[in-house]
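Each chain gets a letter, A, B and so on, in the order its sequence line appears, and its residues count up from 1.
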There are 2 protein chains.
Amino acid sequence: MRLTRAGEYAIRCMVYLAHKGKGIQVSKQEIAERADIPAHFLAKIAQDLARAGLIAIKQGPKGGYSMLKNPEEISLLEVVEVMIGEIFLNDCVGRPRTCKASKQCSVHKVWEEARAQLRRTLGKVNLAELSESDSCIPVFLVHN
Amino acid sequence: MRLTRAGEYAIRCMVYLAHKGKGIQVSKQEIAERADIPAHFLAKIAQDLARAGLIAIKQGPKGGYSMLKNPEEISLLEVVEVMIGEIFLNDCVGRPRTCKASKQCSVHKVWEEARAQLRRTLGKVNLAELSESDSCIPVFLVHN
DNA sequence: ATAAATAAGATATTTAATGTCCTATATACA
DNA sequence: TGTATATAGGACATTAAATATCTTATTTAT
């Protein structure tokens, strides 16, 4: 597992949208500026988030992005895994074929456990909680 | 955090040595073959392990590697962190400078917690346990 | 002294992430 | 219905890191 920059950006984008609320549309530009994400890169990330059913994208003038679910219904894990795929801590667990002995391997078991634990921790947190308290996004409690 | 191939190899190498026992010297070639590690790559990895005080390296004919501590005294976490540095799950936590709001950020807190949990899990397991039961290394319970 | 075994550093090779650019498409509004 | 605006989607460039290999140097047993 490695949270890529794309992953961090996706979280920021979703936290920003969550703060606005379900169904509230926000322009790409606004998100890019306020959440400090390169605009072109955000476009990519948004496409992934849309494909995963987390946000809706509207084209044209007054276009933008909006959350499709309630922030409570989206976990941090969900956002992360949309961007980087299912979380694994090592190849051995992620691609069992590369490891001959994974079935009985004691090392393997530890990584499996660690992985499950990590996914549980990230799965317990939802976007509502994250957007209520302070977050990475610099003061976005501004009227507009 | 991403367990690199070098990390996986280091674990295999250490588990192999642990199985032999503290102070028992094994040639690089033997380890490379039995633990399925590219020999040249193993040399690099061994240098890191030696620098960290985990193994001793002996040059010359009848040279090789040996464990400097009892297997019980070395945790999986220790081996991993020698190879990939202190474990972090994301940039934000690893390099706080890149994130302005890390102090009060709610997302940051989750990653911190997840990180601590992961390190605890890996820290609880030692090489003795790992080498006693079956592991990644294909049947090395062979006399020589 | 010689041969064997590893050290250390330089240098490919590969892979992935990151970021940018260009053309296409959708849509609000005049 | 046409035009301007905003995003889509794919191609491409750049950077960075991991992985692996090769060459020369050093150590040491005999």
Trainee: NZ of B:K28 versus C1' of C:dA7: gap in Å, rounded?
Mentor: 9 Å
Trainee: Nearest whole Å is fine: how far is D:dT19 C1' from B:R12 CZ?
Mentor: 14 Å
Trainee: Roughly how many Å is it from CD in A:E33 to P in D:dA6, rounded to a whole number?
Mentor: 12 Å
Trainee: Heavy atoms, side chains only, cut-off 4.5 Å: are A:L127 and A:V15 in contact?
Mentor: yes
Trainee: Applying salt bridge (charged side-chain N to carboxylate O under 4.0 Å, His left out), run through B:E112 and B:K109 and close with a yes or a no.
Mentor: CA-CA 5 Å; B:E112 271 288 0; B:K109 288 200 187 79; over 6 Å; no
Trainee: Could you list the residues that satisfy side chain to side chain contact (heavy atoms under 4.5 Å, CB included) with B:E73, not counting sequence neighbours?
Mentor: B:K69, B:N70
Trainee: Round to the nearest Å and state the distance from B:M83 atom CE to D:dA17 atom P.
Mentor: 16 Å
Trainee: Determine the contact category for A:A6: base if any of its heavy atoms lies under 4.0 Å from a base atom, sugar-phosphate if only primed atoms, P, OP1 or OP2 are that close, otherwise nothing.
Mentor: sugar-phosphate
Trainee: Touch check for B:R51, heavy atoms < 4.0 angstrom, all strands: base, sugar-phosphate only, or nothing?
Mentor: nothing
Trainee: Can you tell me how far the CG atom of A:L118 sits from the CD1 atom of A:I87, to the nearest 0.5 Å?
Mentor: 5.0 Å
Trainee: Between the protein and nucleotides 23-30 of chain D, are there any N/O to N/O pairs under 3.5 Å, and if so, what are the atom names and distances?
Mentor:
from: D:dT26; atom 1: O2; to: B:Q59; atom 2: OE1; distance (Å): 3.0
from: D:dT27; atom 1: O4'; to: B:Q59; atom 2: OE1; distance (Å): 2.6
from: D:dT27; atom 1: O2; to: B:G60; atom 2: N; distance (Å): 3.4
from: D:dA29; atom 1: OP1; to: B:K58; atom 2: NZ; distance (Å): 3.3

Trainee: Please tell me which of B:T4 and A:S27 maps to the more 5' nucleotide of DNA chain D, matching each residue to the nucleotide holding its nearest heavy atom.
Mentor: A:S27
Trainee: Nearest whole angstrom, please: distance from the P of C:dT18 to the CD of A:Q47.
Mentor: 17 Å
Trainee: List the atom of A:A32, the atom of A:L42, and the distance in Å for their closest heavy-atom pair.
Mentor: N-CD2, 3.7 Å
Trainee: Using atom types as modelled, flag every donor-acceptor pair under 3.5 Å from a side chain in residues 45-68 of chain A to any protein atom, sequence neighbours excluded.
Mentor:
from: A:Q47; atom 1: NE2; to: A:A43; atom 2: O; distance (Å): 3.3
from: A:D48; atom 1: OD1; to: A:R51; atom 2: NH1; distance (Å): 3.1

Trainee: Can you tell me if the side-chain N/O atoms of A:Y9 get under 4.0 Å from OP1 or OP2 in C:dG19?
Mentor: yes
Trainee: Rounding to a whole Å, what distance do you find between A:F41:CZ and C:dT20:C1'?
Mentor: 11 Å
Trainee: Identify, between B:K44 and B:Q29, the residue whose nearest nucleotide on DNA chain C lies closer to the 5' end.
Mentor: B:Q29
Trainee: Separation of B:Q25 atom CD from C:dA5 atom P, in whole Å?
Mentor: 11 Å
Trainee: Rounded to the nearest angstrom, tell me the gap between atom CG in A:L42 and atom P in C:dT18.
Mentor: 15 Å
Trainee: Could you tell me whether the phosphate oxygens of C:dA7, OP1 or OP2, come under 4.0 Å of any side-chain nitrogen or oxygen in B:Y65?
Mentor: yes
Trainee: Just do the side chain to side chain donor-acceptor pair (under 3.5 Å) check on B:T121 and A:Q117 with the steps written out, would you?
Mentor: CA-CA 9 Å; B:T121 300; A:Q117 198 175 47; 2.5 Å; yes
Trainee: For B:A43 and B:R2, find the nucleotide of DNA chain C closest to each by heavy atoms; which residue's nucleotide sits nearer the 5' end?
Mentor: B:A43
